[in-house]
2 protein chains.
Amino acid sequence: MVTLKSVAEELGVSLSLVSKVLNGRMGTTNVTPAKVELIKAKAKEMGYVKNSSAVALLSGKQDSIGTFLHCSGVTGSGIMENLLMGISASTYRHHKRQSLCFYGSKEEFLGLAKYASRGRMDGLLVGNITQFVSCEKLLEIQNNGLPIVTMYDRPLHPEITNVGISQVRVGEVGTKHLIEQGCRNIVNINNMDDRLEGYKLALKKAGIKYSKGNVFFVNEHFADNGYGSHVGEQAVKYFMENGVKFDGVVTQSDRETVGAINYLTKIELRVPEDVKVIGVDNSPYCEFMPIPLSSVEQNPGVQGGVATDLLMQKIDKQNVSSVLIEPTLVVRESSGGNQD
Amino acid sequence: MVTLKSVAEELGVSLSLVSKVLNGRMGTTNVTPAKVELIKAKAKEMGYVKNSSAVALLSGKQDSIGTFLHCSGVTGSGIMENLLMGISASTYRHHKRQSLCFYGSKEEFLGLAKYASRGRMDGLLVGNITQFVSCEKLLEIQNNGLPIVTMYDRPLHPEITNVGISQVRVGEVGTKHLIEQGCRNIVNINNMDDRLEGYKLALKKAGIKYSKGNVFFVNEHFADNGYGSHVGEQAVKYFMENGVKFDGVVTQSDRETVGAINYLTKIELRVPEDVKVIGVDNSPYCEFMPIPLSSVEQNPGVQGGVATDLLMQKIDKQNVSSVLIEPTLVVRESSGGNQD
DNA sequence: TTGTAGGCGTTATCAA
DNA sequence: TTGATAACGCCTACAA
């Protein structure tokens, strides 16, 4: 390994001179410019690179943040890719490195948690979905001096900074859009209280009465949390069989939207002419589906970036508080937005 | 920060004793079992975690590998997610950490390259697409003692170990499948020599004559490399307008498959009855499209895992050579596989 | 059975 | 203008 010492010996100068020259720390004095160039050239020639462990040991800073993500997520939605890109871009901006780990079970999470300390990283980002995370463990880690920022829908604990997506707004934005598109009987596929609240809010603001019969509560029909296309399909089927009249469907994922549209098409209802549909995630496939899908974009990239920025501030001992990211409406054909 | 020293002082014992106890290195001698427990308990109570910088400095091992990925990729295909999962799982198995960085330009790549050395990581994984990568730089890094494994279709250089996907096989597997499904006039959307070779190979093995007119060479029609749904659409349109008769289409992505099917549907050709279509990537949306898509899965997760395993071997000074991963056929309705 | 010393590569301070 | 030295936290060999 090429060290400062080896460069210095090669040139017959002292180690500390090489260090100063390479770091541009020569104080007010002048080293011979020729010597400076010589040293720099030699270091480059030998392929010298600073040993980050030594720097970290000395400075007490790792220049690295840890990222623990639950490995699931709605595959194909682009959420994880975008989240990672957002984190990566911010990390790069702050000249830090990112140490990424996935976990799939509580054991794996606790296994990772062992390494979460100042001796290994300057801060920790935890996110994707709350499953398997131990709030006590995170508090313990933070109390041991490692700043943490989580990326969940809502904060796990008042003392742990969180960057979430406003799920109330997710529900509201989609519903509001369909209302503006002329829908008056909007059904909702739901498995999240906040989104239901947003749905109700939008209806209320438009003076439309809320009816419980217009909501398909996923957990009453499926063991899992839904989000798959089969849920969209079943929900629409359920509404039809129960004689619920509707001209709009607010789903909770793009997959559900696909399922809903597949079923509507099968029973010869036209989208968006007869029924308008909007989903959540703005998945990449939205734009090239036979009927392009309108969707509420949750902006995971922004979430990752903001979370990283906040973590950097926390590392710098600044006070930060939890944040909610606003979702964005993306209008395409399934809600009658872009017909030509 | 909790250090060995602080634990030792708290207990009034020596630092080295704590070190020995926590590492289970007490040799043949016996420390009082009670004392061992006491030390362990105290360390846990104080939240002691080994300082990885200090260990790395001492051992010369970072216990960390770097991953440099180009940030593009076919969004929504799940390739990047799966690649990362594969790398992550293997990294975890080897008790290493993964330092992830994305780059989008040559400058960014070279910016990352500066940090690629033994003083920061034990090895380096580079992949996704070859764009902006400097082969000379990688060679320089490797010559400076950092083992590298790339994840590209083909090796950049004989001295840099590569884990690729056999693109010849990708072309062959899809074509062969359509032949087995009864197709005899198979057209091909193409922008990759290896896949074209695979396409020809499959035809040859089946005794079907290759005709250049059956291939839509993407670069003759588009400035970019294609892979989007518009390419599939245009390609099918092109074949129709040129009077090419076909009963099967081998595309080079699932997006192209969607575009092709969209166009075929528009001109009232039925998939898979009249025309069978197969794509590449086995993207998550394949299974819930109105017509579920058959696809050739490139197994990026396996690629990432194998690349990481090989890198670990390289780090251990073992000789390794480049590897090609076999693609896998996934049959669904678009090729007439799963009709019910 | 327990404690001490040296060194990993770097930087900052102080001395020459 | 340049060089020597201590310190960061840990581990290993060796001394007591």
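Protein chains get the first letters and strands the later ones, always in sequence-line order, with residue 1 at the start of each.
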What integer distance in Å separates B:Ile39:CD1 from C:dG3:C1'? 13 Å

Donor-acceptor pair, side chain of A:Ser6 and main chain of A:Thr3, under 3.5 angstrom: yes

Give B:Lys35 one of three labels, base, sugar-phosphate or nothing, depending on what nucleic acid heavy atoms sit under 4.0 Å from its own. sugar-phosphate

Side-chain donor-acceptor contacts of residues 137-152 of chain A below 3.5 Å, not counting sequence neighbours, with atom names and distances?
residue	atom	partner	partner atom	Å
A:Gln142	OE1	A:Ile148	N	3.3
A:Gln142	OE1	A:Lys314	NZ	3.1
A:Gln142	NE2	A:Glu159	O	2.7
A:Asn143	ND2	A:Leu139	O	3.2
A:Asn144	ND2	A:Glu140	O	3.4
A:Thr150	OG1	A:Thr161	O	3.3
A:Thr150	OG1	A:Asn162	OD1	2.6

Let me know the distance between CG of B:Leu22 and P of D:dT12, rounded to the nearest Å. 13 Å

Rounded to whole Å, CD of B:Glu9 lies from C1' of D:dG9 at a distance of 13 Å

Considering only heavy atoms from C-beta outward, does the side chain of A:Glu81 approach that of B:Cys71 to under 4.5 Å? no

Bending between helix ends of the helix from C:dT1-D:dA16 to C:dA16-D:dT1 [5 pairs per end, 10° resolution]: 60°

Could you list the residues that satisfy salt bridge (Lys or Arg N to Asp or Glu O under 4.0 Å) with B:Lys42, not counting sequence neighbours? B:Glu45

Before giving the answer on side chain to side chain contact (heavy atoms under 4.5 Å, CB included), spell out for B:Phe68 and B:Leu124 the whole-Å C-alpha distance, their side-chain angles and the decisive distance to 0.1 Å. CA-CA 8 Å; B:Phe68 293 174; B:Leu124 177 63; 3.9 Å; yes

My understanding is that only residues two or more places apart in sequence, or in another chain, count here; which of them pass side chain to side chain donor-acceptor pair (under 3.5 Å) with B:Gln298? B:Gln167, B:Asp281

Applying ring pair (Phe, Tyr, Trp, His ring centres under 6.0 Å), which residue pairs with at least one partner in residues 98-119 of chain B are found, sequence neighbours left out? B:His70-B:Tyr103, B:Tyr103-B:Phe109

Quick tally for nucleotides 8-16 of chain C: nucleotides whose base has a protein heavy atom under 4.0 Å get B, sugar-phosphate-only ones S, the rest -, giving BBBBBB---

Can you find a pair of side-chain heavy atoms, one from B:Asp309 and one from B:His94, that are under 4.5 Å apart? yes

